[in-house]
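In the text below, chain A, chain B and the rest are named by the order of the sequence lines, each starting its count at 1.
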There are 2 protein chains.
Amino acid sequence: MTNPPPPIDGQALLDVFRRYLQDHNLPVTHQREVVASMIFFSDEHLSVGDIERGLAIRSEQVGKATIYRTLELLATAGLIEEHDFGEGFKRYEPLAAQSQHGHLICSGCGRVVEFSSDRLERMSALTAEEHGFRLHHHRLEIYGVCGECQGRDAATLQTTSVPSRE
Amino acid sequence: MTNPPPPIDGQALLDVFRRYLQDHNLPVTHQREVVASMIFFSDEHLSVGDIERGLAIRSEQVGKATIYRTLELLATAGLIEEHDFGEGFKRYEPLAAQSQHGHLICSGCGRVVEFSSDRLERMSALTAEEHGFRLHHHRLEIYGVCGECQGRDAATLQTTSVPSRE
DNA sequence: CCGGCGTTGAGAATCGGTTTCAACCCGAGG
DNA sequence: CCTCGGGTTGAAACCGATTCTCAACGCCGG
């Protein structure tokens, strides 16, 4: 049930980002470093709001335009991945160069659990091929209710009558 | 390789929707019917803009607030599905009560091809179970470049370096 | 045919995200 | 160090999608 803690080396990613900037003749600015750090040193899927808030707590003020621009850079560099879980905004996570993975999303508490699967890899490659597509990447999201929330819901249903609405 | 034309019976879905409204003591209004029809009788993944435009062509004027409200109703009723292909707005498609499917999205032309796969069904069920989740639904999107666009890209690359036929 | 209650729709508000542009900073060259 | 120039920054304006507001309206049971 508990997923293993991500073995992400934020410092290493940050170094790669610095080198990426240098290689592309782009200035290594303080803002770029702190925004990148926020994501690299987090094991959550952060939203831009999360990043803004986190920076404010650290007394690092960075305009949101710069946050978005840095995220775009990081995505282009292939160091982070953008996700849309249908909340009306996007979330970002450091991209462990390792294999791709899917997301299990709890409709109850919003928790996101990552998983990877060779089966998934093989299947999407096969499917793309069948339709003449050159595969770039895929995105699998499984929505459901996690064990905890199932327990809570069951308890709630005991104490309340059945609501026809939701 | 070509995907079969959708065997969606729009009329049946519309009937289900009417019954759903009656069962929930909600008025069956003209607006609700025409908005639902737009989606039920289309085999595309329509955006709200598409729906507005389509209704305007039919000389059916429906406020966008009502369109959104009807879409929410339809989604709650489980008759349509909401999709976000990262275009900055959402798209909707009638939900054939049948099996779920995934989407192949061409990064070149934006074309969306549907596919279904028992393998996918089994895999997501298994994955959810492994993590203690009660599966609700899943969403698989495979991004790549379709055959046509691959051809066009190849041709473009030719003409930029080598003077040849168009 | 009536009345109540839910629906409708125009417009305003919200909200995530992008653009603008003048001030500013990184970093190569003196 | 100092200087310069192009890329970067950020406040605010802008944008498009979606939601909210609220008075007028229409469905439907009686």
Side-chain angles (χ1 to χ4, degrees), chain A residues 14 17-39 45-56 58-77 80 82-92 110 164-165, chain B residues 14 17-39 45-56 58-77 80 82-92 110:
Chain A
L14 193 52
F17 184 41
R18 287 208 191 88
R19 214 174 65 217
Y20 174 87
L21 291 174
Q22 288 164 3
D23 291 351
H24 291 252
N25 293 314
L26 300 172
V28 178
T29 65
H30 179 65
Q31 288 92 332
R32 280 173 177 163
E33 291 194 323
V34 293
V35 171
S37 295
M38 279 303 294
I39 300 190
H45 296 71
L46 300 181
S47 66
V48 169
D50 294 335
I51 295 171
E52 264 184 316
R53 241 167 286 123
L55 290 175
R58 288 201 202 177
S59 306
E60 296 277 8
Q61 69 113 43
V62 178
K64 68 179 169 161
T66 299
I67 295 178
Y68 279 106
R69 283 185 290 230
T70 303
L71 289 173
E72 193 186 343
L73 263 180
L74 288 165
T76 303
I80 65 172
E82 191 181 276
H83 291 289
D84 187 330
F85 296 138
E87 299 167 296
F89 53 85
K90 297 196 168 60
R91 291 183 176 278
Y92 302 83
S164 59
R165 293 290 291 174
Chain B
L14 192 52
F17 184 41
R18 287 210 192 87
R19 198 172 330 135
Y20 174 88
L21 291 173
Q22 288 164 2
D23 291 351
H24 291 252
N25 294 315
L26 300 172
V28 178
T29 65
H30 179 66
Q31 289 91 331
R32 281 174 175 162
E33 291 194 322
V34 293
V35 171
S37 295
M38 279 303 295
I39 299 190
H45 295 73
L46 300 182
S47 66
V48 170
D50 293 336
I51 295 171
E52 262 185 316
R53 239 166 288 124
L55 290 174
R58 289 201 201 176
S59 306
E60 295 278 7
Q61 69 111 39
V62 178
K64 60 185 167 160
T66 299
I67 295 178
Y68 279 105
R69 283 185 290 232
T70 303
L71 290 174
E72 192 187 343
L73 262 179
L74 288 165
T76 303
I80 64 172
E82 191 181 277
H83 292 290
D84 187 331
F85 295 138
E87 300 168 295
F89 53 84
K90 297 195 168 61
R91 290 184 175 279
Y92 304 81

Whole angstrom value for the distance that separates [atom2] of [N] from [atom1] of [X]:
X: I67(A); N: dG10(D); atom1: CD1; atom2: P; answer: 9 Å
X: L21(B); N: dG26(D); atom1: CG; atom2: P; answer: 19 Å
X: E72(B); N: dT19(D); atom1: CD; atom2: P; answer: 7 Å
X: R18(A); N: dC26(C); atom1: CZ; atom2: P; answer: 14 Å
X: Q22(A); N: dG27(C); atom1: CD; atom2: C1'; answer: 11 Å
X: E82(A); N: dG17(C); atom1: CD; atom2: C1'; answer: 11 Å
X: D50(A); N: dC15(C); atom1: CG; atom2: P; answer: 16 Å
X: E87(B); N: dG16(D); atom1: CD; atom2: C1'; answer: 13 Å

What's the shortest heavy-atom distance between R91(B) and H45(B), and which atoms? NH1-O, 2.7 Å
Side-chain donor/acceptor of D23(B) to backbone N/O of Y20(B), under 3.5 Å: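 No; zero donor-acceptor contacts below 3.5 Å.
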Return yes if some donor-acceptor pair links the side-chain N/O of R32(A) with the main-chain N/O of P27(A) below 3.5 Å, else return no.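 The answer is yes, because a donor-acceptor pair under 3.5 Å joins these two groups.
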Looking at every strand, decide which applies to [X] at a 4.0 Å heavy-atom threshold: base, sugar-phosphate, or nothing.
X: G49(A); value: nothing
X: R69(A); value: base
X: Y68(A); value: base

Taking the nucleotide of DNA chain D with the nearest heavy atom to each, does H30(B) or V48(B) sit closer to the 5' end? V48(B)
Under 4.0 Å: is that the gap between some side-chain N or O of [X] and OP1 or OP2 of [N]?
X: Q61(B); N: dA10(C); answer: yes
X: T29(A); N: dT9(D); answer: yes
X: Q31(A); N: dG10(D); answer: yes

base_contact_polar (dT18(D) base, K90(B) side chain, donor-acceptor, <3.5 Å): no
Would you say the base of dG17(C) and the side-chain of K64(A) have a donor-acceptor pair closer than 3.5 Å? yes
R19(A), CZ atom: more than 12 neighbouring heavy atoms under 6.0 Å: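 Open.
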A side-chain contact here means heavy atoms from C-beta on lying under 4.5 Å apart; do I51(B) and L71(B) qualify?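 A side-chain contact under 4.5 Å exists here.
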Quick check on DNA chain C: between R32(B) and G88(A), whose nearest nucleotide comes earlier from the 5' end?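 In this pair, the answer is R32(B).
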